[in-house]
2 protein chains.
Amino acid sequence: MDIGVKKPGVTSSQVAEHAGVSQSAVSRTFTPGASISSKTRTKVLASAKQLGYRPNAIARSLITNRSRIIAVVMAYLENLFYPDVLEELGRALAAENYHLLLFTGFMDRDSDPVFDQLMQYRVDGIILASTSLSSELSEECATAGIPVVLFNRTTERDAVSSVTTRNKEGGRRIADFFVAGGHKTFGYIAGLENSSTNRDRQQGYVEGLAALGFDTVVIETGNYSRPDAEAAARKMFSRADRPEALFVANDHMAVAVMDVARHEFGIRIPEDLSIVGYDDVGPAKWTSYGITSMSQPVKRMVEATVEILMDQIASGEIEAEHRILNGDLFVRTSARLPAAGIVMRDGQQIYRPKEA
Amino acid sequence: MDIGVKKPGVTSSQVAEHAGVSQSAVSRTFTPGASISSKTRTKVLASAKQLGYRPNAIARSLITNRSRIIAVVMAYLENLFYPDVLEELGRALAAENYHLLLFTGFMDRDSDPVFDQLMQYRVDGIILASTSLSSELSEECATAGIPVVLFNRTTERDAVSSVTTRNKEGGRRIADFFVAGGHKTFGYIAGLENSSTNRDRQQGYVEGLAALGFDTVVIETGNYSRPDAEAAARKMFSRADRPEALFVANDHMAVAVMDVARHEFGIRIPEDLSIVGYDDVGPAKWTSYGITSMSQPVKRMVEATVEILMDQIASGEIEAEHRILNGDLFVRTSARLPAAGIVMRDGQQIYRPKEA
DNA sequence: CGCTATTCTGCATACGTATGCAAATTTGTA
DNA sequence: TACAAATTTGCATACGTATGCAGAATAGCG
């Protein structure tokens, strides 16, 4: 069925003429807080409805110099953590009357074209949630004077805002948990080696173990990717010194690692091997996996992210702000339980070594 | 660190002045195919680079009446199928120099605000990939003269374009597969009852079974949601006439159903129960599940979607087009195997009852 | 070299809205 | 009723770019 050519679109001037007022009046009708009498307002609204008028956001942006668009850069969505974040971001931004321009589906490191697009649309803010290509891109954006928030990531120079959780403490808590469970040998499946999350989790874990008297940690790298994690798991489980406690840097990899352990090596979990993951994302909760996992509070992280952006947009001041939130170690069936320290909260078991 | 107030942004006029040419010349430099000598072009490009100029897409949109933005509406991203689609869409649209405005994170059925936003940004096209809120919204958009494509969904009145796979044939193939595997009793866990995918899959399945002489199919409804699917599974498995072959309307639910079957009811898969899903999405391939599943070719579906949109945008003609693609039944470990009909393709087992 | 045909260029204007300013209207008060 | 104060209104202009048009520059050709 052919509906024909694209309709021209109703303009404020047309509405003005139809309502017998000036174009300014129409504009003011649709500008909250503008000076307009309720009489003309209703008159305008009636005409607008009749003509099917909707303010042209493009034209508005041009004059206000505000696009009400936030760019979100996520290199990949394979790890369910990111779709979760995206969905929550959609909600939070919509509540603030902002919109979400998504940049995804490019694995390569050519951040320049992305940056170009961002700049061309004069986005009001940028959320960088991809683990790679953050550093250069964030520098560029900050230089351009656009508010940027790194999501679940930080950079060395902390000139750009970020929202993260206490990854180092998380790693340390997992070390505590393993040792409290009576484990003696430890392994780690690393994420992307140059990512801050991986660095912090690993450091906290290794330091935590060292503080408890365990100096050796067997390490393989899974690069936060499923195939790499499988390969890492195979190497890990083929070692003569296969550890009995294994921290996998995120749940996305932990799922793969568990599959390899059980179905390729016949390892029983948690009898032969304890596994702890990170993110507490969907599949971790599925009974087939039941992964004991450090949570990252997505909702609160998103709220903090949006809050920072809104503040910076409103004030025009780009003052780097770092929000660091707390997670909890949700205890399920993938790791041996310690004798003490497990408490209930909201019907879930979490590990709290000392009363906090 | 405070970088100060937002930079004003370099305009084409400033570049023009710096390069000693007119603003038109600058515009033409950045408009492919415009009439400009290579001499002035290089001059302009030099000045542009020096000043850090980037064309303002907002202003450009205002005059060309083309935003180069495609709106994508996805109610929820919990089912990994949709993040997959999103990632692929990101790639495909970027290749055409289009951008992706994402609307997600609203479960409620208030489609009107969404529609308002779409219209305000004068998007060049709309992709509706959420199973709910499609009908009304698509009507509205079509009336407004904006190209719309329904992704993985159709409506009764087929005035609006759509991209789907042969869901009815898929259901039928699954019926064939089950019967060929020697099953005698059959069940179905339904998706959203008013969705076209669910309707077609169910119809094909039931008709296929009937054609083979089996008239009773036990049905529970999971609404394409994980919690609902778990509840449906519990009801299904508590029945006296629990079927031995169960088609679950998508993999997202099938995973939940398998977990309930194994861990709550102690049902062995595939010894006691054969399960087949739909979508062939991530977790279906994980060894813990190994779901035999009808695939939907995401990449090709996305290509078709973008192609339709680009055609309609270029021609200005909104002629409803329906692309229906083929899927394959990927055979894994969740269902008993038939004696014949399984062939290898690209290292994967698929079910092809007759040579096609 | 002179003429025409072609390619480039700049001028002016348009896109649809927001907003400062001054005029017009309404409201409040004595 | 009369006047000041407060509110509302319309006018004009600006935002940054694209583009039709006419004139300027260049190329082509005998």
Side-chain angles (χ1 to χ4, degrees), chain A residues 6-45 47-48 51-69 97 116 119-124 144, chain B residues 6-45 47-48 51-69 97 116 119-124 144:
Chain A
K6 192 168 177 174
K7 290 236 187 93
V10 186
T11 73
S12 57
S13 307
Q14 293 173 30
V15 176
E17 191 182 13
H18 184 275
V21 297
S22 72
Q23 181 266 326
S24 314
V26 179
S27 171
R28 284 192 254 264
T29 299
F30 289 93
T31 306
S35 173
I36 187 94
S37 75
S38 59
K39 198 172 59 174
T40 53
R41 166 187 224 96
T42 49
K43 203 162 44 168
V44 169
L45 284 176
S47 294
L51 298 181
Y53 168 76
R54 305 181 197 261
N56 185 330
I58 302 284
R60 182 190 302 230
S61 298
L62 185 57
I63 191 137
T64 58
N65 211 16
R66 288 270 147 84
S67 61
R68 298 201 84 81
I69 291 178
N97 226 318
D116 253 37
M119 294 301 295
Q120 291 194 11
Y121 276 95
R122 301 295 196 264
V123 297
D124 290 343
Chain B
K6 192 167 177 173
K7 291 239 185 90
V10 186
T11 74
S12 56
S13 307
Q14 293 174 30
V15 175
E17 191 182 13
H18 184 274
V21 296
S22 72
Q23 180 266 326
S24 314
V26 179
S27 170
R28 284 192 253 264
T29 299
F30 289 93
T31 305
S35 171
I36 187 93
S37 74
S38 60
K39 199 172 58 173
T40 52
R41 167 188 222 95
T42 48
K43 203 162 44 168
V44 168
L45 283 177
S47 294
L51 298 181
Y53 169 75
R54 302 179 199 264
N56 185 330
I58 302 284
R60 176 184 303 208
S61 298
L62 185 57
I63 191 138
T64 58
N65 212 16
R66 287 272 146 84
S67 61
R68 298 202 84 82
I69 291 178
N97 226 319
D116 253 37
M119 293 301 296
Q120 291 193 11
Y121 275 97
R122 301 297 194 265
V123 296
D124 290 344

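Because the structure is a prediction, the values reported are computed rather than measured. All chains are named by letter (A, B, ...) in the order of the sequence lines, taking the proteins before the strands, and each is independently numbered beginning at 1.
Close to D/dT17, at under 4.0 Å from its OP1 or OP2, lies a side-chain N or O of B/S12. Between B/Y53 and D/dT17 there is a side-chain polar atom (N or O) within less than 4.0 angstrom of OP1 or OP2. Phosphate contact (OP1/OP2 of D/dT9, side-chain N/O of A/T40, threshold under 4.0 Å): present.
Evaluation of the side chain to side chain donor-acceptor pair (under 3.5 Å) test over residues 24-35 of chain B, restricted to residues two or more places apart or in two chains, returns none.
What separates CZ of A/R41 from P of D/dT8 is a distance of 11 Å, to the nearest Å. The interatomic distance linking A/K43 (NZ) with D/dT8 (C1') rounds to 12 Å, in whole Å. Per the geometry, OH belonging to B/Y121 stands 17 Å off P belonging to C/dG16, to the nearest Å. To the nearest angstrom, C1' of C/dA18 lies 14 Å from CZ of A/R68. Straight-line distance from the CG atom of A/L51 to the C1' atom of C/dG16: 15 Å, rounded to whole Å. Rounding to whole angstrom units, CZ of residue B/R66 and C1' of D/dG16 are separated by 20 Å. Straight-line distance from the CG atom of A/N56 to the C1' atom of C/dG16: 6 Å, rounded to whole Å.
Scanning for side-chain contact (heavy atoms from CB on, under 4.5 Å) contacts around A/S13 gives A/T11, A/Q23, with sequence neighbours left out. For A/R60, there are no side chain to side chain donor-acceptor pair (under 3.5 Å) partners, not counting sequence neighbours. With sequence neighbours excluded, the residues that form a side-chain contact (heavy atoms from CB on, under 4.5 Å) with A/L51 are A/V10, A/V15, A/H18. Residues satisfying the side chain to side chain donor-acceptor pair (under 3.5 Å) test with A/S37, not counting sequence neighbours, are A/T40. Annotation: side chain to side chain donor-acceptor pair (under 3.5 Å) contacts of B/Q14 (sequence neighbours excluded): none. With sequence neighbours left out, the side chain to side chain donor-acceptor pair (under 3.5 Å) criterion links A/Y121 to B/H99.
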Pairs under 3.5 Å (N/O, protein and nucleotides 11-15 of chain C):
| from | atom 1 | to | atom 2 | distance (Å) |
| --- | --- | --- | --- | --- |
| C/dC11 | N4 | B/S24 | OG | 2.8 |

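Taking each heavy atom of A/S47 and A/A19 in turn, the nearest pair found is OG-CB, 3.2 Å.
Between B/A25 and A/A57, the residue whose closest nucleotide on DNA chain C is further toward the 5' end is B/A25.
Proximity of residues 30-39 of chain A to DNA chain D (heavy atom under 4.0 angstrom from any strand atom) is restricted to A/S35, A/I36, A/S37.
A donor-acceptor pair under 3.5 Å is absent between the side-chain atoms of B/R122 and the main chain of B/S67, judged by distance alone.
Looking at heavy-atom distances under 4.0 Å, B/V21 makes contact with sugar-phosphate atoms alone, never a base.
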